[in-house]
Asks: 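I have a structure I would like to understand better, so I am pasting it below and will then ask my questions one at a time.
Numbered from 1 within each chain, the chains take letters A, B, ... in sequence-line order. Since we're looking at a predicted model, the values are computed, not measured.
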Amino acid sequence: MSDQVYIEDLGQHVDQEVTLKGWLYNKRSKGKLHFLIVRDGTGIAQTVVFKGDVSPELFELAGHLTQEASIIVRGQVRADERAPGGYEIGLTGLELVAAPTEEYPIQPQEHGTGFLMDHRHLWLRSRKQNAILRIRSEVIFAIHEFFHLRGFTHVDSPVFTPNACEGTTNLFEVDYFDDKAYLTQSGQLYAEASAMAFGKVYCFGPTFRAEKSKTRRHLTEFWMVEPEMAYGTLEDVMQLSEAFLCHIVARILEKRRPELEVLERDLAKLEAIQAPFPRLHYDDAVKMLNEGGIDFEWGGDFGAPDETLISEKYDRPVLIHHYPRAIKAFYMKPDAENDKLSLSVDVIAPEGVGEIIGGGQREDDLQVLEAKIAEHGLPEEAFKWYLDLRRYGSVPHSGFGLGVERTVAWICGVEHVRECIPFPRMLYRLTP
RNA sequence: UCCCCGGUAGCUCAAUGGUAGAGUACACGGCUGUUAACCGUGGUGUUGUAGGUUCGAGUCCUACCCGGGGAGCCA
């Protein structure tokens with residue numbers, strides 16, 4: 001049918017005869033009226049079947065449709081304040097493509113998280129989940145757009161790796177023919193190599209952590225975007241992450257407002273995301289915690305409650321920089337002015353989502369890096385190629401990693417990252 | 001790995017140690033404007049598993065399994 005339209009475009013077809021192809025989301029009947037609520041992946045729309053307007057067979061068919069029946073409906077679009085979304089279709093034609101062979105398990109009522117996660121493949125059809133994942137798609141598009149507009153080259157890093165980037169624990173080990181390999185936990189080392197070849201690069205892909213974490217911020221498989229800039233400094237990374245987050249949020253506000261409304265997101269909180277972001281030296285963050293009544297000792301890393309206390313003081317993301325060297329990865333460059341500190345930065349999202357960005361300036365001196373690798377007990381052989389980057393034209397460089405699911409959770413105002421990826425992989429959950 | 005909570009009908013949940021129930025979904029009937037519509041009629045259980053205490057266990061005890069929330073670690 002050539003006049004098929006999508007529900008998100010209904011407003012452009014008022015008073016026209018159109019065809020919708022979709023599924024029955026819900027149905028309400030009242031005597032000589034059936035209200036068929038149809039979804040097509042772009043939204044939901046109400047269609048009205050009036051007994052006087054259609055054949056008895058069609059009215060009977062409409063009355064017996066069950067939830068998630070796949071249907072093609074035809075009728076005239078009209079504006080009506082009583083219709084959800086403001087538009088409805090006066091139905092004149094109805095084709096049942098396939099009736100469900102069994103009762104659809106997910107109903108318009110409360111369900112438990114475990115049940116919904118077991119039915120994730122169907123849960124995706126629900127309004128809220130649909131909105132979250134459409135926003136995720138837009139976030140990913142905005143990420144690519146941002147870097148391309150700034151002259152970054154997209155260079156992907158491998159998923160199979162021979163070694164750990166940040167230590168050997170928490171890696172998924174897999175058989176690799178007669179050898180062992182690990183699923184990557186970061187593409188950074190490869191992004192560094194790419195930056196030496198292309199200048200400004202970013203890699204984007206799934207990463208894996210075999211941490212036995214059971215919290216609303218953790219997945220065992222999550223997506224990370226990691227830009228890396230040759231000749232970049234800590235300051236460059238801080239400016240880039242600020243502009244990056246502003247760009248993403250602006251894009252979502254521009255293009256995904258209907259989805260944000262489905263999620264009942266407070267738009268004012270997103271509209272507040274403008275540069276500059278507050279910057280907090282690690283020392284000052286520690287002071288802030290102590291003044292806030294948390295017994296925190298200098299030198300430690302911040303836990304979830306610490307991050308929440310800090311982020312609650314601001315209405316936009318906070319950049320915390322110059323963390324102690326001891327709690328950061330081996331490749332972080334020390335601060336020339338204070339050997340105990342590193343040229344590192346974490347970005348804490350507002351509203352309790354926690355850290356969404358971690359990055360900094362990398363160690364570019366061969367001898368220092370060799371010593372660090374030995375000090376961390378890492379296998380020198382595995383890092384031979386990485387050290388080549390310091391042998392052949394080493395330059396200062398910096399970059400960061402952004403966790404996509406946490407970013408989507410923050411933008412959507414969703415409690416748990418498991419709803420921010422189509423098929424989450426978590427501790428104790430591998431299906432569907 | 002540690003701490004806390006839970007597991008009863010397809011789903012959401014009730015049930016002083018004493019006959020295992022309601023709402024919802026589904027089916028049929030009624031109503032021309034419903035917003036998770038409403039009204040009437042219709043039936044569903046190895047109470048997570050295995051032991052134990054008891055005249056009697058969904059309920060108390062022990063172990064295990066599964067799930068949820070949080071911590072640590074991280075994005």
Asks: Please state the P separation for the pair B:C64 and B:C26 - nearest whole angstrom.
Replies: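 It comes out at 42 Å once rounded to the nearest Å.
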Asks: Would you mind classifying the nucleic acid contact of A:R217 as base, sugar-phosphate or nothing, using non-hydrogen atoms under 4.0 angstrom?
Replies: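 Base: the residue A:R217, judged by heavy atoms under 4.0 Å, touches a nucleobase.
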Asks: Pairs in or reaching into residues 74-98 of chain A: which pass ring-ring contact (aromatic ring centres under 6.0 Å, His included), with residues at least two apart or in two chains?
Replies: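 Matches after skipping sequence neighbours: none remain.
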Asks: How would RNA chain B look in dot-bracket form, 5' to 3', counting Watson-Crick and G-U wobble pairs with both distances under 3.5 Å and writing | for bases paired to another strand?
Replies: (((((((..((((....[..)))).(((((.......))))).....(((((..]....))))))))))))....
Asks: Suppose we screen for ring-ring contact (aromatic ring centres under 6.0 Å, His included). Which residues come up paired with A:H144, at least two apart in sequence or across chains?
Replies: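 In terms of ring-ring contact (aromatic ring centres under 6.0 Å, His included), with neighbours along the sequence ignored, A:H144 is linked to A:H154, A:Y202, A:F204.
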Asks: Give one of base, sugar-phosphate or nothing for A:H34, where a contact means two heavy atoms less than 4.0 Å apart.
Replies: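 Answer is nothing: A:H34 stays at 4.0 Å or more from every strand.
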Asks: Tell me every residue that passes ring-ring contact (aromatic ring centres under 6.0 Å, His included) with A:Y6, counting only those two or more places apart in sequence or in another chain.
Replies: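 None.
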Asks: Quantified in whole Å, what is the C1' atom distance between nucleotide B:A22 and nucleotide B:G42?
Replies: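 Approximately 16 Å lies between the C1' atom of B:A22 and that of B:G42.
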Asks: Which residues, if any, of residues 411-425 of chain A bring a heavy atom under 4.0 Å of RNA chain B?
Replies: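 Contacts with RNA chain B under 4.0 Å: A:H416, A:R418.
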Asks: State which residues pass ring-ring contact (aromatic ring centres under 6.0 Å, His included) with A:H218; sequence neighbours excluded, sorted by chain then number.
Replies: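 Result, ring-ring contact (aromatic ring centres under 6.0 Å, His included) vs A:H218: none returned.
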Asks: Using a cut-off of 4.0 Å on non-hydrogen atoms, how would the nucleic acid contact of A:G112 be classed: base, sugar-phosphate, or nothing?
Replies: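 Sugar-phosphate only.
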Asks: Select from A:P105 and A:M224 the residue whose nearest nucleotide in RNA chain B is closer to the 5' end of that strand.
Replies: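 That would be A:P105.
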Asks: Under 3.5 Å, sequence neighbours excluded: what are the donor-acceptor pairs made by side chains of residues 285-301 of chain A?
Replies:
{"residue": "A:N290", "atom": "OD1", "partner": "A:F296", "partner atom": "N", "Å": "3.2"}
{"residue": "A:N290", "atom": "ND2", "partner": "A:V286", "partner atom": "O", "Å": "3.4"}
{"residue": "A:W298", "atom": "NE1", "partner": "A:D283", "partner atom": "OD1", "Å": "2.7"}

Asks: Give every pair of a protein N or O atom and an N or O atom of nucleotides 20-24 of chain B that lie under 3.5 Å apart, one pair per line with the distance.
Replies:
{"residue": "B:U24", "atom": "O2'", "partner": "A:Q107", "partner atom": "OE1", "Å": "3.4"}

Asks: For a quick check, tell me whether the side chain of A:H218 and the base of B:C74 share a donor-acceptor pair closer than 3.5 Å.
Replies: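 By the distance-only test, yes, there is a pair.
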Asks: Suppose the criterion is ring-ring contact (aromatic ring centres under 6.0 Å, His included): which pairs have a residue in residues 398-422 of chain A, not counting sequence neighbours?
Replies: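 Passing the test, one end in residues 398-422 of chain A: A:F244-A:F400.
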Asks: With the threshold set at 4.0 Å, does a side-chain nitrogen-carboxylate oxygen contact exist between A:D335 and A:K340?
Replies: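 Salt bridge flag = no for A:K340 with A:D335.
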Asks: Classify A:L33 by what it touches in the nucleic acid, base, sugar-phosphate, or nothing, heavy-atom distance under 4.0 Å.
Replies: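 Base, at least one base heavy atom under 4.0 Å.
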Asks: Does anything in residues 41-62 of chain A reach RNA chain B, meaning a heavy atom under 4.0 Å, and if so which residues?
Replies: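 Contacting residues: A:Q46, A:F50.
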Asks: Could you check whether the side chain of A:S213 and the base of B:G72 have a donor-acceptor pair of N or O atoms closer than 3.5 Å, going by distance alone?
Replies: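 For A:S213, whose side chain was compared with the base of B:G72, there is a donor-acceptor pair (under 3.5 Å).
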Asks: Write down the distance separating the P atoms in B:C5 and B:G56, rounded off to the nearest Å.
Replies: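 Roughly 30 Å separates the two P atoms.
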Asks: Donor-acceptor pair under 3.5 Å: do we get one between A:E81's side chain and the base of B:G33?
Replies: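 Answer no: no donor N or O sits under 3.5 Å from an acceptor.
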Asks: Counting only non-hydrogen atoms, which of residues 274-294 of chain A are less than 4.0 Å from RNA chain B?
Replies: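 Those residues: none at all.
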Asks: At 4.0 Å (heavy atoms only), tell me whether A:H119 reaches a base, stays on the sugar-phosphate, or touches nothing.
Replies: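 The residue A:H119 makes no contact with any strand.
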Asks: Quickly work out the A:E307 CD to B:A75 C1' distance and round it to whole Å.
Replies: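 In whole Å, B:A75 C1' and A:E307 CD are 10 Å from each other.
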Asks: The criterion is ring-ring contact (aromatic ring centres under 6.0 Å, His included); which residues satisfy it with A:H34, sequence neighbours excluded?
Replies: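 By the ring-ring contact (aromatic ring centres under 6.0 Å, His included) rule, A:H34 matches A:F59.
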Asks: Just N and O in the side chain of A:R28: are any of them under 4.0 Å from OP1 or OP2 of B:G33?
Replies: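 A:R28 to B:G33 OP1/OP2: no side-chain N or O under 4.0 Å.
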Asks: Can A:F35 be said to stack with the base of B:G33, given centres closer than 5.5 angstrom and planes under 30 degrees apart?
Replies: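 Not stacked: fails the 5.5 Å / 30° test.
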Asks: What's A:S29 touching, base or sugar-phosphate or nothing? Going by heavy atoms closer than 4.0 Å.
Replies: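 Result for A:S29 = base.
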Asks: On a whole-Å scale, what distance lies between the C1' atoms belonging to B:C38 and B:U24?
Replies: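 Those two atoms are separated by 14 Å.
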Asks: Report which part of the nucleic acid A:D301 touches: base, sugar-phosphate, or nothing (heavy-atom distance under 4.0 Å, all strands).
Replies: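 Sugar-phosphate: the residue A:D301, judged by heavy atoms under 4.0 Å, touches backbone atoms but no base.
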Asks: For atom C1', what is the distance between B:U59 and B:U16, given to the nearest Å?
Replies: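 About 10 Å, rounded to a whole number of Å.
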Asks: For atom C1', what is the distance between B:A14 and B:U53, given to the nearest Å?
Replies: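 To the nearest whole Å, 26 Å.
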Asks: Distance check: side-chain N/O of A:K30 vs OP1/OP2 of B:C31, anything under 4.0 Å?
Replies: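 Indeed not, no polar side-chain atom of A:K30 lies that close.
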Asks: Using the C1' atom in both, what is the distance from B:C11 to B:G43, to the nearest Å?
Replies: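 Taking atom C1' in both B:C11 and B:G43, they lie 16 Å apart.
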Asks: How is A:I357 classified with respect to the nucleic acid when contacts are heavy atoms under 4.0 Å: base, sugar-phosphate, or nothing?
Replies: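 It contacts sugar-phosphate atoms only.
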